[in-house]
Amino acid sequence: MSTSGKSSSNKKVTGKKIETTPVLEERSKSVWPHSLFTDFDISLFISGKHFRLYEKMGAHLLNIDQTAGAYFAVWAPNAQQLSVVGNFNKWDQAAHPLNKRWDASGIWEGFIPGLKKGEVYKYAIKGFDGVDIQKGDPFATRWEHPPRTASVIWDTDYKWRDKPWLKKRPKLNALNQPMSVYELHLGSWQRDPAEPKRVLTYKEIAKSLVPYILDMGFTHVELMPIMEYPYFPSWGYQITGYFAASSRHGTPEELMYLIDELHKNNIAVILDWVPSHFPGDAHGLYHFDGTHLYEHADMRKGFHPDWKSYIFNYDRNEVRSFLISNALYWLDQFHADGLRVDAVASMLYFNFSRKEEDAATNEFGGSENLGAIQFLKDLNEAVYGNFEGVHTIAEESSTYPGVTHPVHAGGLGFGMKWMMGWMNDTLKYFKNDPINRKYHHHQLTFSITYAFSENFMLPFSHDEVVHGKSSMIYKMPGDEWQKFANLRLLYAYMFTQPGTKLLFMGNEFAQTHEWDFKSSLDWHLLQHAPHLGMQKTVRAINNLYRSEPALYEHSFSYEGFEWINADDAAHSVYIYLRKGSKAKDTLIVILNMTPVYRENYRIGLPFKGKWKEIFSTDAQEFFGSGKHNEKLMVSEQVDCHGRENSLVLQIPPLGAIILKQGK
């Protein structure tokens, strides 16, 4: 509902005291002049340097002159009128007009007595174009459950219990520690079999997710966007409520409880974050005050053709303040341990997913979005400058240089970057019939040539199991046994390569269907031996990864990796070392990419001694054939692979084995 009203900006100013004229005097008694902003706040905001706007903007429950109520502040510089509407005033936009500040900030604000936690509201705006619209609050910390679209006055009241985690987080979440990330979508990880159409609450998820992560050995969980979004099939990537936890799963406090429970068990939490684009829903950010406020007015810069959404105007200081404040909000108020920043490549380039003739250029004629580049640098400096033991992770598919290099060295300042090239080359290789893999041998060796140019995370994410791309198990060639052997081999390869790891939910037990956001994962598959074996494999690999320093201490450095043999294309065998800071931690990784059992295969050794097989993907408990090197193997002084010492062993079919010095 929306009714027209007279302008609320008809006022005169004496210093900082707002004096309303008689035209508004009667109506303004319902809104008290009040401000949380200092002059310094305003200067930071308009210069793009205010990174805690959530402490000032939005709705805040206060007591003014012993009167309880709510203070509101919203940025709408081009609005002709702006008021707060809700059930409390029967959605009458003439009832509670806000006052526009006397400075150049474009902020409207005021205190409304009597409003309480739980009241729904919107901003009724007469835009620059004269059109009356109703918008949700960009800084609202809670929204109504979709499809309802109003904001909710909320005062989050939660007592955190994760101080021990936060104290040790800088050490446990460091780049020289194991990082095995379990990516999940809260709405479809698990459902109640008695109510399969209902998504679980944050507390219900905590009850089953925390013990599962502990049992499986993952160190981190990454939650696909949990910020409020109107359209469930967008998976959370079309956000309208940037500061609100999705009401589909409960209250903000209940999300805090979930994070708290994960922290209590030393599990770090990464949140997917989407500063790249937003939807055009009528109640959202688009055309907020009757102008292109948050988005570029030039649709070559402001509209994303693939996602039919709108791109933030990173050239605008206030927009940068909004976004960086939002990043810090989730780290500050929700104790998140990292942010995975979505679609970074789409932000960096004007010609992303556009023909050159349809793309804008920067002031120098180039395709780089200079405003976005500066925003990302400011973001990362703010995150790392304000929080210890956190990470930003770029989902970035281009060849932009220095994504994870420090800002002072000319980089963007991210902590890590998804290694999309590795993921694409790896899946392309594994899809080959093993008989043909010898012709594609260097698809797997190529990534090492650039593996240390950035701090890379190796991802098998949700993007690889949707839209007809097939599930991970059905990307693998061969009969049932070979498919599962290939997938076990793939995961062993992933976890023994340099870089941190990410695996999407369901991949750990070889979900057969593509991911369906509308239903639970197919947990019933675990009653079948191949799927149970796959889950056991991932659990064992996670435990090995966490217990062997050679697999994580030098994840981003040449110090941690060395080829023994990268050139045996004829047999499709790869042999390499993973090295920690101590020689005794050295591991030898041997991969056989064919279903042929390799007997009496000689390998060169980094040093002489006794060696023991500590892991094999071919174990019978994993649904393998059970072909092992059972005993300690003693090196011989026989040259092989350019090394003085070597030994002879057996390599299982479509298998990975790992050796370590034994006694």
Side-chain angles (χ1 to χ4, degrees), residues 156 158-175 177-187 189-190 200-228 235-236 239 242-246 249-274 326-342 383-384 386-395 414-416 418 457 459 461-462 500-505 542 546:
T156 303
Y158 183 80
K159 186 175 181 180
W160 286 93
R161 299 161 294 145
D162 65 348
K163 189 174 181 179
W165 162 258
L166 295 177
K167 186 175 181 180
K168 59 191 173 185
R169 181 174 70 180
K171 180 179 179 180
L172 294 183
N173 202 32
L175 291 176
Q177 294 296 306
M179 183 176 291
S180 176
V181 183
Y182 187 66
E183 182 193 29
L184 75 149
H185 176 256
L186 289 178
W189 177 68
Q190 197 176 77
L200 298 183
T201 67
Y202 296 116
K203 283 198 169 185
E204 288 174 318
I205 292 166
K207 187 176 181 180
S208 52
L209 178 64
V210 173
Y212 185 73
I213 295 297
L214 281 174
D215 176 59
M216 289 301 297
F218 290 98
T219 62
H220 293 61
V221 296
E222 179 179 316
L223 305 180
M224 291 170 66
I226 48 79
M227 301 79 188
E228 195 62 81
W235 312 335
I239 296 170
Y242 271 81
F243 289 83
S246 176
H249 305 287
T251 66
E253 289 88 345
E254 289 173 321
L255 174 58
M256 291 173 175
Y257 172 83
L258 168 60
I259 294 172
D260 219 352
E261 287 296 297
L262 289 162
H263 283 171
K264 189 166 68 175
N265 291 278
N266 295 328
I267 301 165
V269 179
I270 300 168
L271 301 181
D272 263 14
W273 186 56
V274 190
N326 186 242
L328 267 58
Y329 171 78
W330 293 103
L331 299 170
D332 176 23
Q333 300 293 298
F334 284 80
H335 294 198
D337 306 297
L339 298 172
R340 178 266 197 185
V341 183
D342 183 63
V383 167
Y384 286 104
N386 282 277
F387 298 92
E388 287 190 290
V390 301
H391 294 298
T392 57
I393 305 164
E395 191 255 327
F414 282 95
M416 281 165 279
W418 278 18
M457 175 177 280
S461 75
H462 67 275
T500 53
K501 329 296 175 186
L502 179 138
L503 197 62
F504 182 56
M505 64 180 196
N542 264 328
R546 295 171 63 182

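In what follows, every heavy atom counts, from backbone to side chain, and hydrogens, waters and symmetry copies are set aside. These numbers were taken from a predicted model, which means no experiment stands behind them.
Neither side chain, Lys501 nor Asn542, offers a donor N or O lying under 3.5 Å from an acceptor on the other. Judged purely by distance below 3.5 Å, without hydrogens or angles, the side chains of Tyr182 and Trp189 pair a donor atom with an acceptor atom. Counting only N and O atoms by type, the side chains of His335 and Asp260 include no donor and acceptor under 3.5 Å apart. A donor-acceptor contact closer than 3.5 angstrom links the side chains of Ser208 and Gln190.
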(message) Show, in sequence, the C-alpha distance, side-chain angles and deciding distance for His391 and Tyr384, and conclude whether the side chain to side chain contact (heavy atoms under 4.5 Å, CB included) test is met.
(response) CA-CA 8 Å; His391 294 298; Tyr384 286 104; 3.8 Å; yes
(request) Starting from the C-alpha separation in whole Å, work towards a yes-or-no answer on side chain to side chain contact (heavy atoms under 4.5 Å, CB included) for Val221 and Leu184. (result) CA-CA 7 Å; Val221 296; Leu184 75 149; 4.1 Å; yes
(message) side chain to side chain contact (heavy atoms under 4.5 Å, CB included) for Met179 and Met416? Distances and angles first, verdict last.
(response) CA-CA 11 Å; Met179 183 176 291; Met416 281 165 279; 3.6 Å; yes
(request) Give the C-alpha distance, both sets of side-chain angles, the deciding distance and a yes or no for side chain to side chain contact (heavy atoms under 4.5 Å, CB included) between Thr392 and Trp273. (result) CA-CA 10 Å; Thr392 57; Trp273 186 56; over 6 Å; no
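Between Leu331 and Leu339, the closest side-chain pair of non-hydrogen atoms falls below 4.5 Å. In this structure, Leu328 and Val383 have side chains that are in contact, with non-hydrogen atoms separated by less than 4.5 Å. Within the 4.5 Å cutoff, no side-chain heavy atoms of Asp337 are placed close to those of Phe387. With contacts defined as side-chain heavy-atom distances shorter than 4.5 Å, the pair His462/Met224 qualifies. Annotation: side chain of Asp272 is not in contact with side chain of Glu395 (no heavy-atom distance under 4.5 Å). Contact annotation: the side chain of Glu222 approaches that of Leu502 to within less than 4.5 Å [non-hydrogen atoms, C-beta and beyond]. Taking the side chain as every heavy atom from C-beta outward, Gln333 and Thr156 never approach each other to under 4.5 Å. Using a 4.5 Å heavy-atom threshold, the side chains of Glu254 and His249 count as separate.
Listed here is the closest heavy atom pair of Ala336 and Val390: O-CG1, 4.1 Å. Nearest heavy-atom pair across Pro225 and Val274 is CG-CG2, 3.9 Å. Summarising the geometry of Phe334 relative to Pro252, their closest heavy-atom pair is CE2-O, 3.6 Å, with the distance given to 0.1 Å. Contact record, Ala268 with Asn173: CB-OD1, 4.2 Å, taken as the closest heavy-atom pair.
Rounding to the nearest 0.5 angstrom, the gap separating the CG atom in Asn265 from the CG atom in Asp162 is 12.0 Å. With rounding to the nearest 0.5 angstrom, the NZ atom of Lys264 is 6.5 Å from the OH atom of Tyr257. Distance check, rounded to the nearest 0.5 Å: CD1 of Ile239 to CG of Asp342 gives 8.5 Å. To the nearest 0.5 Å, the span separating CG on Leu223 from OG on Ser246 amounts to 11.5 Å. Residue Ile205 holds its CD1 atom at 4.5 Å from CG of Leu186, rounded to the nearest 0.5 Å. The CD1 atom of Ile267 sits 12.0 Å away from the CG atom of Leu172 when rounded to the nearest 0.5 Å.
Remark: the backbone N or O of Thr219 is not paired with any side-chain donor or acceptor of Ser180 at under 3.5 angstrom. A donor-acceptor pair under 3.5 Å is formed between the side chain of Glu204 and the backbone N or O of Thr201.
Crowding of Lys207 atom NZ: a count of heavy atoms from other residues, nucleotides or ligands under 6.0 Å not exceeding 12.
Residue Ile259 is tested with Trp160, Tyr202, Tyr158, Trp330 for a side-chain contact (heavy atoms from CB on, under 4.5 Å); the sole match is Trp160.
Legend: residues meeting ring-ring contact (aromatic ring centres under 6.0 Å, His included) with Trp165, ordered by chain and number and at least two apart, are His263.
Note on Glu388 versus Arg169: no salt bridge recorded, every NZ/NE/NH1/NH2 to OD/OE distance being 4.0 Å or above. Remark: Arg161 engages Glu261 in a salt bridge, criterion side-chain N to carboxylate O under 4.0 Å.
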